[in-house]
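Step one of this worksheet: look at the structure below.
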Number of protein chains: 2
Amino acid sequence: MPVKLTEVAREAGVSLATASRVLNGSARTPAEDIAKRVRAAAEELGYVANAQAQALAKSTTGLVGLVVHDIADPYFSTFAHGVQKVASLSHHQVLLAGTDLPSEDAPPGDAELAAVRAFISYRTDAIILAASRVTDEDPRLAAALERYINSGGRVVVLGATKIAGASSLMVANKAGAMALATALIEHGTTHFAILAGPAERNTARARVDGFVEGLQAASLVPLATVHGPFTSRGGYDATVDLIHRLGLLAPTPNTTTGADTSRFPSPSGSPLCILVANDVMALGAMTALRTHGFRIPDDVQVAGFDDIPTLRDHSPALTTYRLPLEQMGQRAAELALEPQLRSPVTITGEVVLRESAGFTAPTTGK
Amino acid sequence: MPVKLTEVAREAGVSLATASRVLNGSARTPAEDIAKRVRAAAEELGYVANAQAQALAKSTTGLVGLVVHDIADPYFSTFAHGVQKVASLSHHQVLLAGTDLPSEDAPPGDAELAAVRAFISYRTDAIILAASRVTDEDPRLAAALERYINSGGRVVVLGATKIAGASSLMVANKAGAMALATALIEHGTTHFAILAGPAERNTARARVDGFVEGLQAASLVPLATVHGPFTSRGGYDATVDLIHRLGLLAPTPNTTTGADTSRFPSPSGSPLCILVANDVMALGAMTALRTHGFRIPDDVQVAGFDDIPTLRDHSPALTTYRLPLEQMGQRAAELALEPQLRSPVTITGEVVLRESAGFTAPTTGK
DNA sequence: CTGTTAGCGCATTCAC
DNA sequence: GTGAATGCGCTAACAG
């Protein structure tokens with residue numbers, strides 16, 4: 001029903017080919033006077049090129065596929081924002097898929113595969129895989145992606161990958177976690193516990209490994225490690241679990257003097273510090289601690305990972321490892337859209353020491 | 001380069017049409033034995049249907065366009081998640097666009113128009129407009145959308161619209177704001193200030209109007225109204241501005257006794273309550289207050305709007321008006337994808353009274 | 001039930 | 001520089 005190029009051409013009194021040449025770029029440049037007539041006709045009829053038809057004719061779609069885990073998670077939405085930015089700059093549209101939603105036909109674990117297949121079906125020019133995949137690399141996924149790459153598609157994955165021909169954006173998850181743990185140790189903390197994310201998630205594992213190695217370097221071991229989903233609720237539950245496992249005792253509520261009567265684990269030593277594999281989960285952990293009567297950082301300290309922008313207003317401010325999420329999205333999109341770029345690109349962040357781990361805020365004027 | 005249906009058909013020794021019928025749904029159902037052969041051939045060759053070609057032939061793309069303002073903003077990302085959910089359930093892919101990013105060619109204010117044109121170009125089956133548009137309804141936008149609708153496209157807009165044929169998802173912004181203000185007044189608060197969002201944003205205006213009417217109903221007027229962007233930074237700056245304008249005095253830091261030596265505005269009355277047009281901005285406001293030595297809710301109270309999930313772990317917990325963001329996204333997608341649904345659909349939320357406005361948390365076990 | 005044919009809307013060879 | 005013809009990969013009438 002929409003007006004098509006043929007109609008514009010007829011209206012302008014030129015051939016289909018000519019109309020095509022003036023409206024949608026071409027090597028050959030029609031005469032200016034005739035071009036003006038065509039443009040006028042197009043404008044008048046409200047012509048809008050059919051991208052599907054163009055895609056079929058040109059075999060390039062101007063589409064980039066982005067698969068994240070949960071777009072509502074600030075980690076992914078910030079990343080997505082970065083992707084969007086460079087995509088729009090290079091005139092691409094982004095197709096979004098999430099691996100956390102029910103996919104009707106596909107089994108839960110196959111969400112990523114389903115998303116990739118859909119993108120391949122739409123012949124996206126590139127696919128960005130940001131949903132921290134499960135360790136179990138699906139051979140079907142690999143096969144589909146390799147075929148896609150061989151057909152000229154570009155794929156960028158967040159983290160390492162075995163997919164031949166794929167570009168990868170390496171993130172300093174392990175090194176960052178190690179650096180964070182080390183910084184905390186230098187600050188005098190001696191007792192740690194770890195709240196790990198889902199065991200099967202690559203990102204989560206790398207961070208936990210980093211925490212553990214950081215502790216090992218100082219001859220320390222975590223008092224406990226509890227796994228849970230990368231959500232606020234996951235952090236809350238894991239923390240409650242931790243409290244029970246470690247037999248943590250909340251200080252006697254003697255708030256009038258403000259003096260604390262007991263600290264874990266050593267009455268005289270530094271408080272326990274909980275290293276959490278991501279910020280959102282750390283937030284849940286803090287809520288659990290508060291609910292159970294622990295003060296942060298006096299009774300228990302907490303450190304997260306990511307430095308989610310939205311959480312920077314939190315009080316106490318969260319000690320964490322800052323990842324340039326937005327920039328990561330941009331780099332990923334650049335790798336996807338600019339073939340000449342070399343991979344892998346390595347992304348590092350920085351340790352950010354704040355109140356939740358006993359550091360005093362540098363009274364940021366914002 | 002990818003394998004096409006013709007090849008699968010040849011491999012299976014059947015005609016193109018038959019292959020099409022078994023692989024991609026059809027009314028006619030081929031015999032089971034022949035169907036199996038085709039499926040086997042497709043599997044072996046790694047056939048993936050070309051959605052572009054299908055779209056061209058069927059004139060329906062299986063695409064939904066979603067335009068938000070800033071996908072990194074939890075308000076929009078949560079909404080987007082809801083959209084994604086029903087889209088995936090009805091086997092649709094979502095095309096995402098943001099109006100906050102530079103659009104190269106298009107002027108800043110034209111981002112929404114550019115996004116809509118792109119979606120129309122891709123012949124999305126429906127377009128969901130969630131970027132709370134500026135009040136100045138662009139006639140070009142309206143024209144494009146109406147043509148789109150007349151060509152069979154469905155459009156859903158968040159809020160009221162003058163676009164003929166568009167469905168709309170009405171949100172109780174004004175009524176909610178009014179209810180929130182009223183609840184606070186009933187609680188005994190007598191002095192209010194307002195932190196409004198961008199003046200040109202519909203959503204922002206409706207909320208401010210609601211706040212004002214709520215106050216008026218109790219014969220009150222806001223002590224001041226400050227505008228600012230819907231961001232944490234916007235809330236921070238607006239609050240600093242407010243502090244100066246109102247000459248707010250922070251209590252003398254006499255923390256040993258915990259006694260406050262001064263309160264604004266009346267030493268004996270209830271503290272000032274700042275009504276903020278959205279949660280993210282309210283967060284920035286709280287940070288500003290804290291930075292300037294005010295305790296929440298003792299010295300100043302704060303109320304937001306939206307009840308962003310990620311912010312529920314904040315302390316003090318934010319009093320706000322809860323909007324079912326995720327569900328709103330779902331409803332919008334349903335309106336977009338299920339033609340029989342009637343519009344407008346009205347969404348209401350609920351007042352949530354929490355610590356930031358002096359209410360005690362019901363020790364939520366989460 | 002299966003095969004043949006004709007477009008879907010547009011870019012792009014080719015001749016002119 | 002411009003117009004006519006061919007094909008992109010697939011679906012949907014049509015026949016058989």
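Nothing here was measured: the structure is a model prediction, and the numbers come from that model. Lettering of chains follows the sequences in order, A, B, ..., and the numbering in each one begins at 1.
Not one side-chain nitrogen or oxygen of A/Thr18 sits closer than 4.0 Å to the OP1 or OP2 atom of D/dT2. Regarding contacts with the backbone of C/dA11, a side-chain N or O of A/Ser20 is found under 4.0 angstrom from either OP1 or OP2. Side-chain nitrogen and oxygen atoms of B/Asn24 include at least one within less than 4.0 Å of the OP1 or OP2 phosphate oxygen of D/dT11. Between B/Tyr47 and D/dC10, a side-chain N or O to OP1/OP2 separation shorter than 4.0 Å is present. Taking side-chain N and O atoms only, A/Ser15 has a distance below 4.0 Å to OP1 or OP2 of D/dG3.
Atom pair B/Leu45:CG and D/dG9:P shows a separation of 15 Å (rounding to whole Å applied). In this structure, A/Arg37 places its CZ atom 14 Å from C1' of D/dG1, rounding to the nearest Å. Going from atom NZ of A/Lys58 over to atom P of D/dT6 covers 23 Å, rounded to whole Å. The nearest whole Å value for the distance from the CD atom in B/Gln52 to the C1' atom in D/dG9 is 11 Å. Rounding to whole angstrom units, NZ of residue A/Lys36 and C1' of D/dG1 are separated by 17 Å. Per the geometry, CD belonging to B/Glu7 stands 13 Å off C1' belonging to D/dC10, to the nearest Å. Remark: C1' of C/dG9 and CD of B/Gln54 are 16 Å apart, rounded to the nearest angstrom. Rounded to an integer number of Å, the gap from B/Leu5 CG to D/dA12 P is 12 Å.
Contacts of B/Leu16 with the nucleic acid, taken as non-hydrogen atoms under 4.0 Å apart, include base atoms. Within the nucleic acid shown, B/Ala49 comes within 4.0 Å of sugar-phosphate atoms alone, with no base atom in reach, counting heavy atoms only.
Checking C/dA11, C/dC8, C/dG3 against every side-chain atom of A/Ala57, the shortest atom distance belongs to C/dA11. Comparing D/dG9, D/dC8, C/dG3 against the side chain of B/Lys4 picks out D/dG9 as the nearest. Here C/dG3 is the nucleotide among D/dG9, C/dG3, C/dT12 with the atom lying nearest to any side-chain atom of B/Arg21.
The residue among B/Ala53 and B/Asp33 whose nearest nucleotide of DNA chain C lies closer to the 5′ end is B/Asp33.
Checked by atom type and distance alone, the side chain of B/Ser151 pairs as donor or acceptor with a backbone atom of B/Arg147 at under 3.5 Å.
Between A/Glu32 and A/Arg39, at least one side-chain N (NZ, or NE/NH1/NH2) sits under 4.0 Å from a carboxylate O, which counts as a salt bridge. Ion pairing between B/Arg331 and B/Glu334 holds under the 4.0 Å rule for side-chain N and carboxylate O.
Between the CZ atom of A/Phe76 and the CG atom of A/Leu66 there is a distance of 9.5 Å, given to the nearest 0.5 Å.
Within the 4.5 Å cutoff, the side chain of B/Asp100 has no heavy atoms near those of the B/Asp73 side chain.
Counting atom types as modelled, A/Arg123 pairs no side-chain N or O with a base atom of D/dG9 as donor and acceptor under 3.5 Å.
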